[in-house]
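Residue numbers run from 1 in the order of the sequence given. What's counted below: heavy atoms across the whole structure, side chains too, no hydrogens, waters or symmetry copies. Worth saying up front: this structure is predicted, and the values here are computed from it rather than measured.
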Amino acid sequence: MSTRRTRTIVAALATVLLAGSVAACGNSDTGGDGGDGKIVLGFSQVGAESGWRTANTTSIKEAATEAGIELKFDDAQQKQENQIKAIRNFIQQKVDVIAFSPVVESGWDTVLKEAKDAGIPVILTDRAVDSADRSLYKTFLGSDFVKEGRLAGEWLVEQTKTATGPVNIVELQGTTGSAPANDRKEGFAAAIAANPNLKIVASQSGDFKRADGKQVMEQFLKANPDIDVLFAHNDDMGLGALEAITAAGKVPGKDITIITIDAVKDGMQALADGKFNFIAECSPLLGPQLMELVKKVEAGEEVPARIETEETTFTQEQAKAALPNRKY
C-alpha cells in the first residue's frame, strides 16, 4: 500500500471516529496535502548552471503538469547544503515522493534515512549517490556517464590512430565530486589508454559553467602552448573554451580538436559550424519518464534499480541533420 494512501486512510478513519458516524460515507482517496487527489512530488534541482540543466528543469515542470502531479520545486544553486535543507522541508511537508539530482555523490545517507523513516520514497535523477545502502532510494533515472566519456575517448582513438607523435589533451572537468565529472573522466581515460600517444597534459574543473570553461581554458593555453585536443565534460564549458581559443589566435575545431558531452542546441550548432568535432549525447528530457516512475513508486509498485536513458553521438554532419528538429 502506498504511503499517501496509508496517510489518507488514517485521516479518514480519524474523521469518522470523531464524528461518531457509522454510515457509509463513500470515502475516496483524496491524497496529498491538498486533498485533491494529486500526487505531491518534491524535487530538488542542482541549479541552473548550463543549458542542459535549464532544459532538464523545463522537462520536469512540463511533465508534472501534464501528468497531473503537484510539483514542489527547489533550486539548490549547486550547493549540497541547500539540497539537504530542501529534502528535509519536503519531509516536513509530507510530500508523497521526493526526487532530486545530487550536486555531489557523497554525504546523503543521513537525510535519505530521514526520508525512509518518514515513509517517503526517493528517486535519484540524472546523478547518482555513492551510498552503500541501496534501500535509501527506490531507483536511479539517468545516463551512463562512464559510457559517455568512453564514447568520447573511443572517437578520439579512432581519429588519431595514425598519429606517430604525442597528442596533447586538456580536460575541462565538471563540478568536483559530482557523478558526471567522476564518471566521464573515468570513461575517457580508460578509452584513450588504447593509444599511448594520447596524453592528458592538464585537467581542471570548470564547474559545468560557460564562464568557468573560458577562464580555465585561458589558463590551459598559457601553460600549454601545444594543445591538440580539448575534452570538455559538457557543451557549456566547451562553448566558453571556444572564446578563449579564438582570442588566443587559434581556430577551434581545426587547430584544436574539441570533444564535448550533452548535445544541447548551442553545442550542436557549434558542431554543425565546424567549431566542435564530436559530441556524446546526454539527454535532459527526463520529465516524462520521471513522472511515470513517481506514479509507480507512490503506488508501491516495484521498479528497476537503475533506468538509463537512450542516447547517441554526433559528428559535424550528423549535427547538421539533427539541428532542425532539436528539442533542447
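A side-chain N or O of Asp133 and one of Ser135 form a donor-acceptor pair less than 3.5 Å apart. In the model, Gln289 has no side-chain atom that pairs as donor or acceptor with a side-chain atom of Thr309 under 3.5 Å. There is no side-chain donor-acceptor pair under 3.5 Å between Gln45 and Asp74. For the residue pair His233 / Glu171, a side-chain donor-acceptor distance below 3.5 Å is found, with atom types taken as modelled. When only modelled atom types and interatomic distance are considered, Lys185 and Ser203 share a side-chain donor-acceptor pair under 3.5 Å. Thr315 and Glu317 are not linked by any side-chain donor-acceptor pair at a separation below 3.5 angstrom, with hydrogens and angles left out of the test. Side-chain contact, Asp273 with Gln269: a donor N or O sits under 3.5 Å from an acceptor N or O. Using modelled atom types, one finds a donor on one side chain and an acceptor on the other under 3.5 Å when comparing Glu311 with Ser143.
Environment of CD in Glu81: crowded, with over 12 heavy atoms of neighbouring residues, nucleotides or ligands closer than 6.0 Å.
The only option from Asp126, Asp235, Asp75, Asp236 that meets the salt bridge (Lys or Arg N to Asp or Glu O under 4.0 Å) definition with Arg53 turns out to be Asp126. The only option from Ile192, Thr257, Ile227, Asn224 that meets the side chain to side chain contact (heavy atoms under 4.5 Å, CB included) definition with Ile169 turns out to be Ile192. Results of the side chain to side chain contact (heavy atoms under 4.5 Å, CB included) test with Leu293 over Val97, Leu141, Leu286 single out Leu141 as the only residue that passes.
Using a 4.5 Å heavy-atom cutoff, the side chains of Trp155 and Leu151 are not in contact. Counting only heavy atoms from C-beta outward, the side chains of Thr139 and Leu124 never approach each other to under 4.5 Å. Contact annotation: the side chain of Glu49 never approaches that of Asp207 to less than 4.5 Å [non-hydrogen atoms, C-beta and beyond]. Between Gln83 and Trp108, some side-chain heavy-atom pair lies under the 4.5 Å cut-off. Phe231 has its side chain out of reach of Thr260: every pair of non-hydrogen atoms, C-beta onward, lies at least 4.5 Å apart. Taking the side chain as every heavy atom from C-beta outward, Ile261 and Asn234 never approach each other to under 4.5 Å. Counting heavy atoms from C-beta outward, Pro121 and Glu298 have side chains that stay 4.5 Å or more apart. The closest side-chain heavy-atom distance from Val170 to Val201 is below 4.5 Å.
We find that Lys161 and Glu158 are joined by a salt bridge, their nearest charged nitrogen and carboxylate oxygen being less than 4.0 Å apart. A salt bridge links Arg306 and Glu308; the closest N-O separation between the charged side-chain nitrogens and carboxylate oxygens is under 4.0 Å. A salt bridge links Glu281 with Arg326: the closest approach of a Lys/Arg side-chain nitrogen to an acidic carboxylate oxygen falls below 4.0 angstrom.
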